[in-house]
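Data first, discussion second: the structure below is written as C-alpha cells.
Hydrogens, waters and symmetry mates play no part in the numbers below; they use all other heavy atoms, side chains included. When a ligand or atom number is given, it counts from 1 through the structure's own listing order.
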Amino acid sequence: MASSSKAAQVRIAPSILAADFAQLGEEVCAVAAAGADWIHIDVMDGHFVPNITIGPGVVKALRPHCDLPFDVHLMISPVDCMIAPFAEAGADIISLHPEAGPHLHRSLQTIRGLGKRAGVVLNPATPITVIDEVMDMVDLVLVMSVNPGFGGQEFIESQLYKIAELRARIDAHMAAGGQSIDLEVDGGIDRETAPRAIAAGANVLVAGTATFRGGPDAYAENITAMRGSG
Ligand code: DX5
Ligand code: ZN
C-alpha cells in the first residue's frame, strides 16, 4: 500500500469536537502551540447527522485566536446556503458531503468562487466514483473512517482500502498535470491507526479524542506521536 507520496509531510488536524467547549479559544491556541497544522471544525445540524455543534458565529469568534488554516467539515443539509457564511467567518478549507446537496459541482464552484479550498467527504458507504467527474475542482478528499456525527468512535478498517485507492488516483491525477489534492482521513485516528492511514496514503490526519486526551500538557506529545508514527 506504500505510495510515492508517502514521504510527503503528514499534517495533523485536531478536531475541536473533543476540546473543552467552555474555553475553545484557549484550546485552539494550545493545540497550535503544540504543533497542530490545521484546525478541524466539525459542523453538524441535527438533521444530516444526529448531533448539533458549531455555527459560523463560533468560527468567527475563534478566527483571531489562531493563524492556522481552519478546515471546516460541513455535515449539514441543505449545505449551499451555508457556504458563504462559513467562508466569511474565516474558513480556509470547506468540505461537504455529496449527499448533502443536489449539485456537488455547483457547491464546489461556490466554495472556490469565494477563494476557499474545496473538499469532498466520502462516508464509509460512499463510493470513490462520486468524485470522478469533479476531480479537477477538488483541493481535498476526506475519507470518513467512522460514520459522521460523533467523536470517539472506532476506526472502520475497510476505509484503508479506500484511502489506498484514492492515493493511487490522486497521484495519477497530479502526475498528469492536475492540481494538488490533499487526502485526509477523519475518525478513530490514534497512535495505532495513524501509521496505517499514513501507509495507505493519507497525508492529513484528523484527530479529536487522541489529540485532546490528557489535557493541554499532553497535546504536543499526542500530536507528535501521530505525526511521527508513519
Ligand atoms: C465525526 C467528525 C470527526 C470526529 C473525529 O463526525 O467528523 O472529525 O470529531 O473524532 P475522533 O478523532 O474522536 O474520532
Ligand atoms: Zn470531521
Side-chain angles (χ1 to χ4, degrees), residues 10-21 24 27-28 31 34 36-56 58-59 62 68-77 79 82 86 91-100 111 117-126 138-160 162-163 182-198 202-215 218-219 221-223 225-227 229:
V10 173
R11 293 191 171 88
I12 304 295
S15 164
I16 60 171
L17 191 60
D20 180 351
F21 269 38
L24 274 184
E27 290 278 68
V28 164
V31 289
D37 298 288
W38 297 353
I39 302 296
H40 187 80
I41 301 175
D42 288 307
V43 177
M44 306 183 187
D45 66 353
H47 166 73
F48 184 70
V49 292
N51 196 2
I52 298 177
T53 57
I54 288 169
V58 175
V59 175
L62 289 175
L68 295 181
F70 278 4
D71 174 32
V72 174
H73 175 189
L74 298 180
M75 289 162 273
I76 59 177
S77 179
V79 64
M82 293 308 295
F86 280 101
D92 298 287
I93 305 155
I94 299 177
S95 299
L96 44 75
H97 292 245
E99 299 88 349
I111 296 169
R117 300 185 69 214
V120 175
V121 190
L122 305 180
N123 277 335
T126 303
V138 298
D139 301 293
L140 176 146
V141 178
L142 171 51
V143 174
M144 291 303 299
S145 42
V146 297
N147 283 295
F150 302 96
Q153 302 182 80
E154 189 175 341
F155 186 83
I156 298 174
E157 295 287 327
S158 60
Q159 300 311 295
L160 287 170
K162 190 185 283 181
I163 293 168
D182 283 307
L183 180 53
E184 184 174 41
V185 58
D186 183 3
I189 293 294
D190 57 20
R191 294 169 194 225
E192 190 271 320
T193 53
R196 301 168 67 206
I198 294 167
N203 73 297
V204 187
L205 308 181
V206 176
T209 304
T211 297
F212 289 94
R213 181 180 289 133
Y219 296 168
E221 208 264 327
N222 290 346
I223 289 170
M226 287 185 281
R227 191 205 310 283
S229 55

Kindly indicate whether the side chain of [X], heavy atoms from C-beta on, has any atom under 4.5 Å from the side chain of [Y].
X: I39; Y: F70; answer: yes
X: E192; Y: F155; answer: no
X: D71; Y: E184; answer: yes
X: H97; Y: H73; answer: yes

Open item on the list: For ligand 1, give me the residues whose heavy-atom distance to it is below 4.0 Å, by chain and number please.
Closed with: S15, L17, H40, D42, M44, H73, M75, M144, P148, G149, F150, G151, G152, D186, G187, G188, V206, A207, G208, T209
Task: Worked check of side chain to side chain donor-acceptor pair (under 3.5 Å) between D42 and T53 - done: CA-CA 7 Å; D42 288 307; T53 57; over 6 Å; no
Task: R213 and D190 ion-paired at < 4.0 Å - done: no
- [ ] Take the Zn ion (ligand 2) and tell me which protein N, O or S atoms are nearer than 2.8 Å.
- [x] H40 NE2, D42 OD1, H73 ND1, D186 OD2
Open item on the list: Does anything in residues 142-158 form a side chain to side chain donor-acceptor pair (under 3.5 Å)? List the pairs, not counting sequence neighbours.
Closed with: E157-R196
Open item on the list: I'd like to know if the side chain of D139 reaches the main chain of A118, judged simply by a donor and an acceptor atom lying under 3.5 Å from each other, with no hydrogens or angles considered.
Closed with: yes
TODO: Mind checking side-chain hydrogen bond (donor to acceptor under 3.5 Å, both in side chains) for T211 and listing every partner two or more places apart, or none if nothing turns up?
DONE: none
